[in-house]
Amino acid sequence: MAAEETRRPRADAARNRQQLLEVATRLFASSETEPSMRAIASAAGVGIATLYRHFPTRESLVDAVYRDQVTRLTSGARELLAELDPPAALRRWMDLFGEWIATKNGMLDTLLAMIESGEIGHAHTRTELLGAIDEILDAGRASGQLRGDVPAEDIAAALIGIFTVAGSPGHKAMADRLLNLLMDGLRPSSRRR
């Protein structure tokens, strides 16, 4: 075997890693405080050693969950546009953004410390997310289904505002109403409901 060749993880190791990411994402989203590493391992059905083999520190797990969610949001824009018209794709993407915001609830302290230390590049994430919004907006502008005078930055700010006041599970109906109101404002006046 050549020295440059890298070993691919065994199938069960890859499954364990993915299971840990999914469970950690779910627990981070549903927890008011950061869940323990032991609670994450237990909920994933693996031992604590397996968790630490994949994620040696809490920071490495938070980083992996954070990056996975950003990737889902950015690739989600393209996938949604392939399936839906631009307004429907944008509205569904807004729900995904809300889920991403919710995921950060249970990892907020660690995440903020990582951003402050420079371990996670906040500016890079912002650029990626604005790019995803722009991708959907460009398609909507081209089809005449979305206004051409609203920048991605304004939509991101509106989403942060909405999920700040209506981000908890008990406020889902309010968040849906506010997101629908935002969508109405993004349609050209001739296409509003």
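Keep in mind the model is a prediction, meaning the values are calculated, not measured. Position 1 is the first residue of the sequence; numbering continues from there.
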Work out which heavy atom in Met174 is nearest to a heavy atom in Ala166; give both atom names and the distance.
-> SD-CB, 3.7 Å

Taking C-beta and beyond as the side chain, do Ile48 and Leu51 meet within less than 4.5 Å on heavy atoms?
-> yes

Heavy-atom distance under 4.5 Å between the side chains of Gln19 and Val46, does that happen here?
-> no

Could you pull out the closest heavy-atom pair between Pro86 and Leu81, with the gap in Å?
-> CA-CD2, 4.0 Å

What's the spacing between His54 NE2 and Gln18 CD if we round to 0.5 Å?
-> 11.0 Å

Exercise: identify the closest heavy-atom pair between Pro87 and Met183 = O-CE, 3.4 Å

Can you list the steps and then say if Ile101 with Leu159 is a side chain to side chain contact (heavy atoms under 4.5 Å, CB included)?
-> CA-CA 10 Å; Ile101 294 287; Leu159 290 173; over 6 Å; no

Check against side chain to side chain contact (heavy atoms under 4.5 Å, CB included), Glu153 and Arg126 | CA-CA 9 Å; Glu153 292 85 355; Arg126 183 177 187 277; 3.8 Å; yes

Student check: side-chain heavy atoms of Phe163 and Leu178 closer than 4.5 Å | no

Evaluate the side-chain proximity of His171 to Arg177: yes if any heavy-atom separation is below 4.5 Å, no if none is.
-> no

Between Asp138 and Arg141, is there a side-chain N and carboxylate O pair less than 4.0 Å apart?
-> yes

Mind checking the CG-CG spacing from Leu90 to Leu146? Nearest 0.5 Å is all I need.
-> 6.0 Å

Nearest heavy-atom pair of Ala156 and Leu130: which atoms, and what distance?
-> CB-CD2, 3.9 Å

Inter-residue atom distance Arg187.CZ - Arg147.CZ, 0.5 Å rounding | 12.0 Å

Pairwise side-chain contact, Arg91 with Asn180, heavy-atom cut-off 4.5 Å (strictly under) | yes

For the side chain to side chain contact (heavy atoms under 4.5 Å, CB included) test, which of Ile136, Leu137, Leu129 pairs with Ile133?
-> Leu137

About how many Å separate CG of Leu182 and CE of Met94, when rounded to the nearest 0.5 Å?
-> 4.0 Å

Kindly compute the distance separating CE (Met107) from OH (Tyr66), expressed to the nearest 0.5 Å.
-> 8.0 Å

Is the closest side-chain heavy-atom distance between Phe28 and Ile40 below 4.5 Å?
-> yes

Side-chain donor/acceptor of Thr127 to backbone N/O of Ala123, under 3.5 Å | yes

Identify the heavy atoms of Ala64 and Phe55 that sit nearest to each other, and give their distance.
-> CB-CE2, 3.5 Å

Side chain to side chain contact (heavy atoms under 4.5 Å, CB included) assessment of Arg26 paired with Val23 | CA-CA 5 Å; Arg26 189 176 66 246; Val23 168; 3.7 Å; yes

Out of curiosity, Leu21 CG to Arg67 CZ, how far, rounded to the nearest 0.5 Å?
-> 12.5 Å

Basic-acidic side-chain contact under 4.0 Å: Arg58, Glu34 = yes

Can you check side chain to side chain contact (heavy atoms under 4.5 Å, CB included) on Asp95 and Asp176, steps first, answer last?
-> CA-CA 8 Å; Asp95 289 334; Asp176 286 341; 4.1 Å; yes

